[in-house]
Amino acid sequence: MRHATIIGTGSYLPDNIMTNDDMARLVETSDEWITSRTGIKERRISTGETTSDLAYEAATRALSNANLDAKNLDLIICATISPDSFMPSVACIVQERLGAINAAAFDLTAACTGLIYGMAIAASFIESGMFQNILVIGAETLSKTLDWSDRSTCVLFGDGAGAVILSASDQKEGIMSITLASDGSKQDYLCLPAIPLSNPFIEKGEDVIKPFITMKGQEVFKFAVRSITDMIKKLLSKANLSHNDVKYVIAHQANQRIIEVAAKTLGIPNEKFFINLDKYGNTSAATIGIALDEMVQKDMLQPGDRIILIGFGGGMTSGAILLEWS
Ligand code: COA
């Protein structure tokens, strides 16, 4: 059977570091509050690079890591909630810049679960035999979606991009199992409005819709813990494995406390959960790709290692992938 396996990873973060102390000069907050509630110490904030710039850099590094020519890509998927524009898509802009002339390209919106949804779509295309090589990118400039006077949200997020290249393989390694879910009844937990309805048939209202992220923090926290615990149980039972058979879990990097509560509930040691949110904050669709690439750069993954990737976020959406590293 054809499997989808990861043959390359890449990531890119803007150079500009914004620490918690920098944040405290902007809003009424402190390093102590942010660190103790979230684990975040600093984040990267773009000083001019767009989402497609970050996506392109991450994609270039993933191609080089995979030793693959961009012309061999069949599809580019970019997961983002902060595209440069609704059209052209970030994926099409990246396709042109890479010279990936044989690739189809589109963006997808599944918020912080975006990379997982993208990898799931890519795996299906590969397993069906339709495509051979697919680039999946998670890229965000969330800094442009933040109300920088709202301390309850602006301290949490950052900019960045992560990318993976999935390829067809006849070996048993690669993606073993996938689970995806959505719960639209919780759509008001995390919101980022787009262009409001406006045409000659609509009376102009007084309300001005602000293009900023709003969030019900405590509800999101509970949803996130539940998603991680439910998804891990589901994936492991589907594969007939226990958590002892898994080397690492890469959960969406939103909040260290979310990960610790989930780990405790599942009885999985904290050390199995990779953490780098202290350096980058929550970069939405980008966190899992950035984390995976950091692990690759640090040589933490060996052939045969089983790892779980888990995303959760606005929509609400959630999803997880069990894979065997090759
Ligand atoms: N600095 C200082 N104080 C802050 C603050 C900040 N950055 N943000 C909020 N506060 C204050 C609140 O105003 C509130 O003050 P009050 O008690 O005087 O009203 C107090 O801290 C507690 O606020 P609360 O919202 O109850 O805090 P919390 O313990 O729930 O922590 C989050 C807030 C956002 C850290 C937490 O809810 C969380 O992490 N939720 C998940 C968010 C997330 O991960 N979103 C993305 C998912 S993809």
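For ligands, and for the atoms within them, numbers begin at 1 and follow the listed sequence.
- Not a single heavy atom of Thr153 lies less than 4.0 angstrom from ligand 1.
- With contacts defined as side-chain heavy-atom distances shorter than 4.5 Å, the pair Pro193/Pro211 does not qualify.
- Within the 4.0 Å heavy-atom criterion, neither part of Ile34 lies near ligand 1.
- Between atom 47 (C) of ligand 1 and the options Asp150, Val220, Val155, the minimum heavy-atom separation is to Val220.
- Within 4.0 Å of atom 10 (N) of ligand 1, at least one protein heavy atom is present.
- In this structure, atom 20 (C) of ligand 1 has its sub-4.0 angstrom surroundings free of protein heavy atoms.
- With a 6.0 Å cutoff to the six-membered ring centre and a 45° limit on the axis angle, Arg43 does not count as a cation-pi contact of Tyr280.
- Remark: Glu294 engages Lys298 in a salt bridge, criterion side-chain N to carboxylate O under 4.0 Å.
- Residue contacts with ligand 1 for Glu28 involve N, CA, C or O but no side-chain atom from C-beta outward (heavy atoms, distance under 4.0 Å).
- Residue Asn255 touches ligand 1 through its side chain alone, judged by heavy-atom distances below 4.0 Å.
- Distances from atom 22 (C) of ligand 1 to the heavy atoms of Gln218, Arg37, Glu219 put Arg37 nearest.
- Within 4.0 Å of atom 42 (C) of ligand 1, at least one protein heavy atom is present.
- Evaluation of the side chain to side chain donor-acceptor pair (under 3.5 Å) rule for Thr47 yields no partner, not counting sequence neighbours.
- Membership of the apolar cluster around Phe86 extends to Ile195, as traced through chained side-chain contacts below 4.5 Å between ILVMFWY residues.
- Atom 36 (C) of ligand 1 has its nearest heavy-atom neighbour, among Ala111, Ser30, Gly217, Cys112, in Gly217.
- Remark: side-chain polar atoms of Gln253 are paired, donor with acceptor, to backbone N or O of Asn276 under 3.5 angstrom.
- A donor-acceptor pair is defined here as one N or O able to donate and one able to accept, closer than 3.5 Å; no such pair exists between the side chain of Asn20 and the backbone of Met23.
- Ion pairing of Lys216 with Asp188 is present here, as a side-chain N (NZ or NE/NH1/NH2) and a carboxylate O approach within less than 4.0 Å.
- For Asn282, no nitrogen or oxygen atom sits less than 3.5 Å from a nitrogen or oxygen atom of ligand 1, counting backbone and side chain alike.
- Salt bridge status for Lys144 with Asp84: absent, with no side-chain N to carboxylate O gap under 4.0 Å.
- At a heavy-atom cutoff of 4.0 Å, ligand 1 is contacted by no atom of Val27, backbone or side chain.
- Distances between N or O atoms of Thr38 and those of ligand 1 include no value under 3.5 Å.
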